[in-house]
Amino acid sequence: MRHVVVLGGGFGGLAVARGLAGTDTRITVVDRRNHHLFQPLLYQVATASLAPSDIAEPIRSILARSSHAAVRLAEATRIDLPGKRVRIAAVEGSDDQPSWLEYDWLVIALGVEQSWFGQTAWEEVAPGLKTLRDALEIRRRILMSFEEAEWTEDDAERQRLLTFVVVGAGPTGVELAGAIAEIALTTFRRDFRNFDTRTARVVLVEAGPAVLASYPEDLRAKARAQLEDLGVEVRLGKPVSEVDANGVVVDGERIHAATVLWAAGVKAPAIAATLGVEQDRAGRIVVGPDASVPGHPEVFAVGDIAHFEQEGAPIPGVAPVAIGMGHHVAACIRADLGGGTRPTYAYKDKGQMATIGRRRAVLQSGRFKASGMFAWLAWVFVHLMVLVTYRNRLLVFIKWAWAWLTYERASRLIWQTEKPPTIED
Ligand SMILES: Cc1cc2nc3c(=O)[nH]c(=O)nc-3n(C[C@H](O)[C@H](O)[C@H](O)COP(=O)(O)OP(=O)(O)OC[C@H]3O[C@@H](n4cnc5c(N)ncnc54)[C@H](O)[C@@H]3O)c2cc1C
């Protein structure tokens, strides 16, 4: 039986695996994590609304009924195009030896990673938001800042602890900044005794001229107004020139901040370079009209890691694109199996939406545009519906309903700091 290797169990990889059900193929989905992650709600884990398990599900259980597909928990480290094989290595905690996986078709759906534009020193001080580990680290930093602010006697230090800088005003930066401002204004208000949590300062810094650059101009303005309504300071048109443990420097001015969060750029994972084919500036694999790698019709790239051009511009790195490309690649492999002609991929823009906190959001679909409460309700509905399992949908719905009624955040535990107790003489 012919073998399809799918690298990545994200939106794109799962769409391929499911789309090949019933074909005469054997499928192996390789992922270095045992879970599929619903990244659009990661910021809610980072800001204590949801728990990690609310937005993640084992890939093995998602594919439990797809008996044609096996799951391999391993890290893909190299692709050997002439040899039609992929090198896989053990993940942390496993003693498996590196080995080669041979394929008849290969689908690369490995997503992208955070990029600090080559500033490696910034990675430690300004975490990005791509994985559950990132989200938990951000949550720890935010919660610890409030804890420390409660007991410091130095006013300047308290202000530094209560200043949060978010770099990058795309959807992730906007959602993070809005959620942090909301925590300070509402959730934490009654919980601290020695300071007013409303004095917290949230600064959103963007090198470009607007927040949510991919939205129409009027929605960008509305998003900015809704952020400012929550007290977020929006600084546009100037990049950060320094990031360190004491904050950032923007346009020559230092902003003293204990928490700096990075939502500014992405790059393809290093494995993309092992193909030896054309990549774009962010390292994404340039693919042809059927999403295959030029010169290698048996190899496809889908989702965020693929650079697919339509009408002269690359299509965006969003979940519906990854899913759509995944379905398309499954159709191509079906065509190959049946001796037919492969379809070409055509991206249809279904619109975009971003939320800025309770009752605030912006939404654009074709010519239709909305902001405020209606857009927020639409955002809630869509995100509930696209969560991968019924269990997640139910859990998230209950937590959101509770948060709406009480202003509480369900997941405020700080657990990464736990150490064995030390007894001082
Ligand atoms: C914070 C955040 C918010 C977002 N919000 C939205 C939104 O509101 N709407 C929207 O449409 N999109 C949103 N996106 C983008 C969306 O999540 C991506 O477009 C989508 O996940 C891309 O799917 P993919 O299958 O290409 O990659 P991914 O979903 O990233 O999956 C890649 C998979 O590959 C695995 N992997 C990576 N490297 C290796 C390796 N070397 N070996 C083995 N496995 C590996 C990973 O573990 C992962 O499971 C958001 C993204 C982020 C980070």
Side-chain angles (χ1 to χ4, degrees), residues 5-17 28-47 55-59 62 71-79 86-91 101 107-115 127-135 138 166 168 170-176 179 212 214 261-274 284-285 291 300-308 315-326 329 349-355 361-363 379 382-383 386 388:
V5 171
V6 178
L7 301 181
F11 290 102
L14 284 184
V16 178
T28 306
V29 177
V30 179
D31 203 298
R32 65 178 168 205
R33 298 189 303 229
N34 84 327
H35 55 270
H36 169 82
L37 177 63
F38 191 80
Q39 292 174 14
L41 291 180
L42 258 183
Y43 85 95
Q44 295 226 347
V45 175
T47 54
I55 63 162
E57 190 70 23
I59 298 170
I62 295 172
V71 179
R72 182 103 186 223
L73 179 63
E75 168 121 26
T77 55
R78 187 142 62 96
I79 297 166
V86 179
R87 187 81 169 158
I88 55 169
V91 294
L101 259 186
V107 185
I108 307 165
L110 294 171
V112 284
E113 298 171 352
Q114 201 78 59
S115 165
L129 183 60
K130 286 305 269 178
T131 64
L132 282 175
R133 194 180 288 210
D134 295 338
I138 291 175
V166 180
T172 301
V174 164
E175 287 172 347
L176 271 175
L212 297 179
S214 62
L261 306 177
W262 191 260
V266 293
K267 61 172 191 227
I271 190 176
T274 68
R284 283 179 286 243
I285 303 161
F300 299 90
V302 305
D304 285 6
I305 199 172
H307 174 110
F308 181 93
I315 60 176
V318 289
V321 166
I323 296 168
M325 287 184 92
V329 165
D349 181 7
K350 292 186 185 141
Q352 46 188 345
M353 47 174 66
T355 174
V362 285
L363 147 67
W379 182 92
V382 167
H383 282 77
V386 293
V388 175

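This is a predicted model, so every value here is computed, not measured. Every number for a ligand or one of its atoms is a count from 1 in the order of the listing. Hydrogens, waters and symmetry mates play no part in the numbers below; they use all other heavy atoms, side chains included.
Within the 4.5 Å cutoff, side-chain heavy atoms of Leu132 are placed close to those of His35. In this structure, the side chains of Val86 and Val30 stay at 4.5 Å or more apart for every pair of heavy atoms. For the pair Val266/Arg284, a side-chain contact is recorded, criterion being any heavy-atom separation below 4.5 Å from C-beta on.
By the neighbour-count criterion of 12 heavy atoms within 6.0 Å, atom CZ of Arg87 is densely surrounded, having more than that number from other residues, nucleotides or ligands.
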Taking it one step at a time, do Asp134 and Leu42 satisfy side chain to side chain contact (heavy atoms under 4.5 Å, CB included)?
CA-CA 9 Å; Asp134 295 338; Leu42 258 183; over 6 Å; no
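With hydrogens and angles ignored, the 3.5 Å screen pairs no side-chain donor or acceptor of Trp379 with any backbone N or O of Val362. Remark: the backbone N or O of Tyr43 is not paired with any side-chain donor or acceptor of Glu175 at under 3.5 angstrom. Judged purely by atom type and a 3.5 angstrom limit, Gln114 uses its side chain to pair as donor or acceptor with the backbone of Leu129.
The shortest N or O to N or O distance between Glu175 and ligand 1 is not under 3.5 Å. Some N or O of Phe11 is nearer than 3.5 Å to an N or O of ligand 1, by distance alone. Considering backbone and side-chain N/O atoms, Gln39 comes within less than 3.5 Å of an N/O atom of ligand 1. The shortest N/O to N/O separation between Ile305 and ligand 1 does not fall below 3.5 Å. Checked against a 3.5 angstrom limit, the closest N/O atoms of Ala76 and ligand 1 fall inside it. The shortest N/O to N/O separation between Ala319 and ligand 1 falls below 3.5 Å. For ligand 1, the polar-atom distance check finds no N/O of His35 at less than 3.5 Å from any of the ligand's N/O atoms. Between Thr172 and ligand 1, a contact under 3.5 Å exists for no N or O pair. Where the criterion is an N or O separation shorter than 3.5 Å, residue side chain and backbone included, Leu37 fails it with respect to ligand 1.
From the protein, the heavy atom lying nearest to atom 19 (O) of ligand 1 is Asp304 OD1, 2.7 Å. The protein heavy atom nearest to atom 43 (C) of ligand 1 is Arg32 N, 3.2 Å. Shortest contact from atom 37 (C) of ligand 1 to any protein heavy atom: Leu110 O, 3.3 Å. Looking only at protein heavy atoms, the nearest one to atom 31 (O) of ligand 1 is Gly10 CA, 3.3 Å. Given atom 23 (O) of ligand 1, the protein heavy atom at minimum distance is Ala322 CB, 3.4 Å. Closest to atom 9 (N) of ligand 1, if we only count protein heavy atoms, is Pro40 CG, 4.1 Å. In terms of protein heavy atoms, atom 49 (O) of ligand 1 is closest to Asp31 OD2, 2.6 Å. Gly111 CA, 3.4 Å is the protein heavy atom nearest to atom 27 (O) of ligand 1.
Remark: ligand 1 atoms within the under-4.0 Å shell around heavy atoms of Val318 are 10 (C), 11 (O), 12 (N), 19 (O). Short contacts between ligand 1 and Pro320, defined as distances under 4.0 Å to a heavy atom of the residue, involve ligand atoms 11 (O). Heavy-atom proximity to Gly8, at under 4.0 Å, picks out these atoms of ligand 1: 33 (C), 34 (O). Near Gly317, the atoms of ligand 1 lying under 4.0 angstrom from a non-hydrogen atom of the residue are 15 (C), 19 (O). Close approach of ligand 1 to Gly303 is summarised as follows: ligand atoms under 4.0 Å from at least one heavy atom of the residue are 26 (O).
Nearest approach of Ala46 to Leu176, heavy atoms of both residues: CB-CD2, 4.2 Å. Counting all heavy atoms, side chain and backbone alike, Gly9 lies closest to Val29 at CA-CG1, 4.1 Å. In plain terms, the two heavy atoms of Ala272 and Ile305 that are nearest each other are CB-CD1, 4.4 Å. For the residue pair His383 and Leu41, the shortest heavy atom distance occurs at CD2-CD2, 4.1 Å.
Residue Ile271 places no heavy atom under 4.0 Å from ligand 1. Contact between Gly326 and ligand 1 is absent, with no heavy atom of the residue lying under 4.0 Å from the ligand. At a 4.0 Å cut-off, not a single heavy atom of Pro171 sits close enough to ligand 1 to count as contact. Using a 4.0 Å cutoff on heavy atoms, Ala109 counts as a contact of ligand 1.
The CG atom of Leu7 lies 9.5 Å from the CG atom of Asp31; values are rounded to the nearest 0.5 Å. Here the CD1 atom belonging to Ile59 is positioned 10.0 Å from the CG atom belonging to Leu37, to the nearest 0.5 angstrom. Separation of atoms CE (Met325) and CZ (Phe300) is listed at 10.0 Å; rounding is to 0.5 Å.
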